[in-house]
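Working notes, beginning with the structure itself.
Atoms considered below: every heavy atom in the structure, side chains included; atoms not considered: hydrogens, waters and symmetry mates.
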2 protein chains.
Amino acid sequence: MPTPRVTLLDVARRAGVSRTTASFVMAGRTDMRISAEAEHRVLHAARELNYRPNLMARGLRTKLTRTIGLVSDTIASEAFAGELIRGSFSTALLHQHLLFVGETEGDDTVEMQLLQDMLDRGVDGFIYASMYTRPARPPSALRGHRFVLLNCVAEDHRVPAVLPDERGAGRTAAGLLLDAGHRERIFLVGETPEEVYAARERRAGVEEALAQAGSALAGTVECLWWPEPAYQAVREFFGGGPHATALICLNDRVAFGAYQAAAEAGLTVPDDVSVVSFDDSSLASWLRPGLTSIAIPHFELGRLAVELLLAEVPAHDVHRVTMPLRERESVAAPRPEKVNGRAGMNVHSR
Amino acid sequence: MPTPRVTLLDVARRAGVSRTTASFVMAGRTDMRISAEAEHRVLHAARELNYRPNLMARGLRTKLTRTIGLVSDTIASEAFAGELIRGSFSTALLHQHLLFVGETEGDDTVEMQLLQDMLDRGVDGFIYASMYTRPARPPSALRGHRFVLLNCVAEDHRVPAVLPDERGAGRTAAGLLLDAGHRERIFLVGETPEEVYAARERRAGVEEALAQAGSALAGTVECLWWPEPAYQAVREFFGGGPHATALICLNDRVAFGAYQAAAEAGLTVPDDVSVVSFDDSSLASWLRPGLTSIAIPHFELGRLAVELLLAEVPAHDVHRVTMPLRERESVAAPRPEKVNGRAGMNVHSR
DNA sequence: CGTTCGTGCTGAATCGGATTAGCTGAGACT
DNA sequence: AGTCTCAGCTAATCCGATTCAGCACGAACG
């Protein structure tokens, strides 16, 4: 059987003081007048007995449980939700908090129930996370409670939210290629529907940076963000038309497909085509040559969300977290190009 | 501000009964005599007021919080810990429980603190998980509490544990190749140190099944379980010696490396070499051709662990969960082999 | 010498339930 | 009529903290 827990009363008795006094000492409250001697006796007794406050009892009184609810639409996704949980968890722990996790699978009923279940257990606040960045209306059950949106934004932008800086990432990707000397033949790979935040913003960032350098995208290879469709699309792309000196793949899976298509077309990365990508999933480091990718800072997103949730002064705005560049071997200078000639195979087969 | 919670007293008052009566009705206890009429009034009032019991208050009295602690060494790993958490979470939810998660990073001090933190919040039990299967001594803080080991076994085997059936998976892998007609030239790819459970068991399973069919491994390509080392090792392997008709890769990353080496050697999967693997990470489905792999049933592992933890009668033994085969396109019959001749390139270049 | 003030501490209430130990009134039984 | 039973409920206590409202005592003050 579990050893019967030591209570505050046990500590108080052993220290020869009242429970009240013991409570004040343990809470470290200085507004009440406790002699140094009594304080020491209490502390000593607590240590000797290995006292641990019962957080349920405390919570009942104070309404604070040092507990956070992380509710998400999906907790298992290709992208490492694990890192996000880790970031949240370790930051919570740093602040002596613990983390409830739960997923709703996008079901509003489940979501409602989950939030209630957490509320029933007295959570101090919520991290309402989406695994893929999207707009969201915070559920009404959150009204009156502290919460931070993670990876999603409320329509009115009045709610604290944490987002990856996708636009900045787009700029980074383009900037990297520009620096390497690419200019005319940079293609985007992957579809960019307006309603997908990551897609829209990444593209916007790329176009921004290119425009600023007096350049522009040479075109887009439309495909779903998966290896197979990307492979098909890029293969077709390599089959005809003007060749690219660089590909900006909208995520690593797309890049993976592009790698395969490139290999099949006899093109070498990065000598014939440079490839940059987004997400920096583990796939990026497994590819040969290593794929340069702009990471989604999952850990940092989780960390910041918890930090904002637990901050003294509640945040009220959208925080964008920089997406760090992870340079590997997939980017190089473009091959010298014949004036008005074609790059790629032509040069390659010189 | 949060709407002031409705308490049991509110319900009782509205129903015109005492708190005691309301409590009995809500708990659905029939050992106390409550008139159908009073019961109905209470239920009605509870519904009208949208009453939700305060689980902290209840827990304070009953020592039950309907809460489980999932403590693991790592929650973010290549293998999708997410699925494991999902399995645990959804099963917990099915039983009206919520899940605390935490990782120790293998640090005993952190582990101790984490367990204490959970205990302080009155968790009803623990899932002590390891992300990679290994032996473990359940920490002393768990003494006197309910817990289930996940992905690890205690030395004395007296503690309930849930494990993937790695040996069975090994048999499955070998069986699949045998069924396809492979016999003489099956190689294992990846090192198999004795102390790594998954490695040892997978290999043992393979050897068992092969022996039973009167065959045996043609050899092992030693390498770390990562794409790059696997690529190097398999490339070298393809460079010399007798060629394989089939490769059993000890995980998908290894298979990925093998795919690359095969492609480079001009070998086609599965026509020249069949490849089977373990883990069934998403990588397996991204590879071309799709990689046949034997999955780690993360979700099921989590599910079963929670199920055992919450079972009426405590479990006391080791439960092995079948690792399901996910067939894709990487296995085919071996090319017809010249009697006493060499398979592989010879046949290929016929 | 009586009052005030500050120091150091304690009793009791409180949080919201669960649970134990009755209490009441009506019908059955003697 | 008096006593038992039993259905149907309630008062009081407990769980383990926090916190409000004082209480006692000695020193300082007028």
Side-chain angles (χ1 to χ4, degrees), chain A residues 2-43 45-46 49-67 96 116 119-122 124, chain B residues 2-43 45-46 49-67 96 116 119-122 124:
Chain A
T3 325
R5 277 186 83 95
V6 174
T7 73
L8 190 56
L9 187 55
D10 298 326
V11 172
R13 272 208 268 262
R14 173 169 264 247
V17 298
S18 71
R19 219 162 66 201
T20 308
T21 302
S23 175
F24 275 96
V25 171
M26 295 313 291
R29 287 176 54 164
T30 51
D31 54 330
M32 189 59 29
R33 299 150 299 212
I34 310 277
S35 66
E37 214 240 313
E39 176 176 347
H40 176 260
R41 286 209 313 276
V42 170
L43 258 18
L49 297 174
N50 190 26
Y51 169 70
R52 301 222 108 217
N54 179 324
L55 296 194
M56 270 183 296
R58 173 184 293 172
L60 184 55
R61 189 75 232 269
T62 62
K63 308 282 176 218
L64 292 175
T65 55
R66 307 197 80 82
T67 278
Q96 335 251 47
Q116 271 298 348
L119 247 16
D120 290 349
R121 287 166 180 80
D124 298 336
Chain B
T3 325
R5 276 187 83 94
V6 174
T7 74
L8 190 55
L9 185 56
D10 298 325
V11 173
R13 271 207 269 262
R14 172 169 265 245
V17 298
S18 70
R19 217 161 76 212
T20 308
T21 301
S23 176
F24 276 100
V25 171
M26 294 314 290
R29 286 179 54 165
T30 52
D31 55 330
M32 189 59 28
R33 300 150 299 212
I34 309 276
S35 66
E37 214 241 312
E39 176 176 346
H40 176 260
R41 285 209 314 277
V42 171
L43 257 19
L49 297 175
N50 190 26
Y51 169 69
R52 299 223 108 215
N54 179 325
L55 296 193
M56 269 184 296
R58 174 184 292 173
L60 185 54
R61 188 75 230 267
T62 63
K63 309 282 177 217
L64 292 175
T65 53
R66 306 196 81 81
T67 279
Q96 333 250 49
Q116 271 299 347
L119 248 16
D120 291 348
R121 287 165 180 82
D124 298 337

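- In summary, A/R58 and B/D120 do not engage in a salt bridge, as defined by a charged side-chain N under 4.0 Å from a carboxylate O.
- Here CE of B/M56 is found 9.5 Å from CE of A/M56. Values are rounded to the nearest 0.5 Å.
- Within the 4.5 Å cutoff, side-chain heavy atoms of A/V17 are placed close to those of A/V42.
- Regarding B/M26, its CE atom lies at a distance of 13 Å from the C1' atom of C/dG16, rounded to whole Å.
- Annotation: side chain of A/Y51 is not in contact with side chain of A/D10 (no heavy-atom distance under 4.5 Å).
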For side-chain contact (heavy atoms from CB on, under 4.5 Å), just list the numbers for A/T7 and A/N54, CA-CA rounded to whole Å, side-chain angles, deciding distance to a tenth of an Å, and then say yes or no.
CA-CA 8 Å; A/T7 73; A/N54 179 324; over 6 Å; no
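- For C/dG17, one of the phosphate oxygens OP1 or OP2 lies less than 4.0 angstrom from a side-chain nitrogen or oxygen of B/Y51.
- Between the side chains of A/T21 and A/S18, at least one donor-acceptor pair of N or O atoms lies under 3.5 Å.
- Formation of a donor-acceptor pair under 3.5 Å by the A/D124 side chain with backbone atoms of A/T65 is found in this model.
- Judged as a salt bridge (Lys or Arg N to Asp or Glu O under 4.0 Å), the pairs with a partner in residues 12-28 of chain A (not counting sequence neighbours) are, in order, A/R14-A/E48.
- Defining each end axis of the helix from C/dC1-D/dG30 to C/dT30-D/dA1 as the rotation carrying four pairs' C1' atoms onto the next four, with five pairs an end, the two axes are found to diverge by 80° to 10 degrees.
- Counting heavy atoms from C-beta outward, B/S23 and B/L8 have side chains that approach closer than 4.5 Å.
- Near DNA chain C, meaning a heavy atom under 4.0 Å away, the residues from residues 54-67 of chain B are B/N54, B/A57, B/R58, B/L60, B/R61, B/T62.
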Can you give each donor-acceptor pair under 3.5 Å made by side-chain atoms of residues 26-34 of chain B, sequence neighbours left out, with the distance rounded to 0.1 Å?
unit_1, atom_1, unit_2, atom_2, d
B/R29, NE, B/D31, OD1, 3.3
B/R29, NH2, B/D31, OD2, 2.9

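- Contacts between residues 9-24 of chain A and DNA chain C, defined by a heavy-atom separation below 4.0 Å, involve A/V17, A/S18, A/R19, A/T20, A/T21, listed by number.
- Side-chain contact between B/T67 and B/R121 is absent, with no heavy-atom pair separated by less than 4.5 Å.
- When DNA chain D is scanned in the 5' to 3' direction for atoms under 4.0 Å from non-hydrogen atoms of chain A, the outermost contacting nucleotides are D/dG16 to D/dC20.
- For the residue pair B/L60 and A/A57, the shortest heavy atom distance occurs at CD1-CB, 3.6 Å.
- A/A38 comes within 4.0 angstrom of sugar-phosphate atoms only, judged by non-hydrogen atoms across all strands, and of no base.
- Distance alone, capped at 3.5 Å, is enough to place a donor-acceptor pair between the A/R5 side chain and the A/R52 backbone.
- Remark on DNA chain C: of its neighbouring residues A/E37 and B/R52, the 5'-side contact belongs to A/E37, judged by nearest-heavy-atom nucleotide.
- In this structure, A/D120 places its CG atom 13 Å from C1' of C/dG17, rounding to the nearest Å.
- Each of B/R33 and A/R41 was matched to the nucleotide of DNA chain C holding its nearest heavy atom; the match closer to the 5' end belongs to A/R41.
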